There are 2 protein chains.
Amino acid sequence: MQAQAGERVRGQRDAEATKEALLDAGSELFATHGFDGTTVDMIARRARANKAMISYYFGGKERLYEQILISTFSEVGSRIETLLEGSGSADEMLRAFAAMFGDLAARRPHFPAMMMREAISGGRHLSERVLPVFRDMFVKVRRIYEQGIEEGTFRPVDPVLTHLVVMGSLLFFFATEPMRARLIADGGLPVAQAPQPEAFIANLQEILVRGLAARPSPAAADGPAR
Amino acid sequence: MQAQAGERVRGQRDAEATKEALLDAGSELFATHGFDGTTVDMIARRARANKAMISYYFGGKERLYEQILISTFSEVGSRIETLLEGSGSADEMLRAFAAMFGDLAARRPHFPAMMMREAISGGRHLSERVLPVFRDMFVKVRRIYEQGIEEGTFRPVDPVLTHLVVMGSLLFFFATEPMRARLIADGGLPVAQAPQPEAFIANLQEILVRGLAARPSPAAADGPAR
DNA sequence: GTCTATAGGCTGATAGAC
DNA sequence: GTCTATCAGCCTATAGAC
């Protein structure tokens, strides 16, 4: 009959903190080494927890991985949902989507690599709880291109093919950032410094908006005066 | 029962055929399941060879993998080299590069996934024999954008950032083809049929050439035709 | 060259002490 | 809730038969 206020015992790591640490450690390791390349020992060590805790809290390595996927994809899905509620021209929404993806990758640095790995592996771990989120994301972003074509902002491109260009560019850039950082540091690539995410997003936005435009470009439009 | 003339007794096909079978089986399995997700048993079974042959011919699983990487990347490198020897406007070369990549992915269906996996893993298996090929590829394709900017065909975009858009789109499309095939077959994606590679390449070419163009677009150019 | 048998190490999971 | 100790199973590699 104690007070229901969530007063927490401090000075010692509680269950919630251990779960969190395992989720964080797992995210990083699964993203970098893949599911099979990551051992429960690695996860436990990085989380400074005992490996028995993985079974205790999540029911095993596989279910920890699934939990991470669900949590990550759900956040991505809700962010996109929020974004697409706002209205605007297809240009603006496409730019906003790319920018949002950049923010998301900064907040969830392991999401792009995990998604890419899942995709390459045929979506083997995309269970019935993860797949709907994934599918909704696709459907909603596709609407941007469809809307752009309907309103005459975009050429009549194939929305699916275009979506693949956008997602491929974004996921690839963020999933391969660690590799570029490593190669450039080692002098393995003839580039002064690693490309910055903001610059990449800006470049992609320009290419897409100009590349999809129904009319040449805003600056040089020769269409009829309105 | 008698042995048929001209047919090899099972277990006595020649060495070259066995090596080839192991390389082929390894390519497919490593691309689909990754290095850690593939066991020598899986490779031997698919190649209809004994798993001891992997050590016998290649010196172990790791060295088989490296051999596959080197062979694949070398072909890619020489194809690009040949392509870039031909001259033409940057538009034409960029289109040709995308088309060549499509051909390459058809001939070497496991190259995109393997390259993507390597990139996500930080290039951990890119040994000193593979890395130069990889770097050369980057340097040579980058020349296309630099040339386009110099000759005034392209806007003054950042060649590195642009290269990442191109490679990301191409690798992503081909590396994730199996996943789309699976999801569409299962009704997991609201798409009638899987996008065709030729259509994807064509769509990408249009987006890139228009998106990079210094002048609005060829069709609506307000300047004199070249 | 191919195959069988097995060695030796690592993996994920868990019972039981605290 | 956390940790140690331990187990059964699977992994790669290889010695030796044919």
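Hydrogens, waters and symmetry mates play no part in the numbers below; they use all other heavy atoms, side chains included. A note on names: the letters A, B, ... follow the listed sequences, proteins ahead of strands, and every chain is numbered from 1. The model shown is predicted, which means the values in this text are computed figures rather than measured ones.
Bounding nucleotides for the chain B contact on DNA chain D, 5' to 3', at a heavy-atom distance below 4.0 Å, are D:dC11 to D:dT14.
Put simply, the side chain of B:P190 reaches to within 4.5 Å of the side chain of A:R142, judged on heavy atoms. Taking the side chain as every heavy atom from C-beta outward, A:E62 and A:H125 approach each other to under 4.5 Å.
A:F30 has its ring centre no less than 6.0 Å from the ring centre of A:H110.
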Classify every nucleotide of nucleotides 10-15 of chain C by which part a protein heavy atom approaches to under 4.0 Å, writing B for the base, S for the sugar-phosphate alone and - for neither, in 5'-to-3' order. -SBBB-
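Looking at B:S121 and B:R117, their side chains never bring a donor and an acceptor atom within 3.5 Å of each other.
Using a 30° and 60° split on the angle between ring planes, A:F200 and A:F173 fall in the parallel class, below 30°. Note: A:F73 and A:F111 have perpendicular aromatic rings, judged against thresholds of 30 and 60 degrees for the angle between ring planes. Between A:F101 and A:F174, the ring-plane angle classifies as tilted under the 30° and 60° cut-offs.
Using a 4.0 Å heavy-atom criterion, one finds that B:F58 contacts no nucleic acid atom at all.
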Where do B:E85 and B:K140 land on the salt bridge (charged side-chain N to carboxylate O under 4.0 Å, His left out) test, with the steps shown first? CA-CA 10 Å; B:E85 280 166 7; B:K140 280 175 180 140; over 6 Å; no
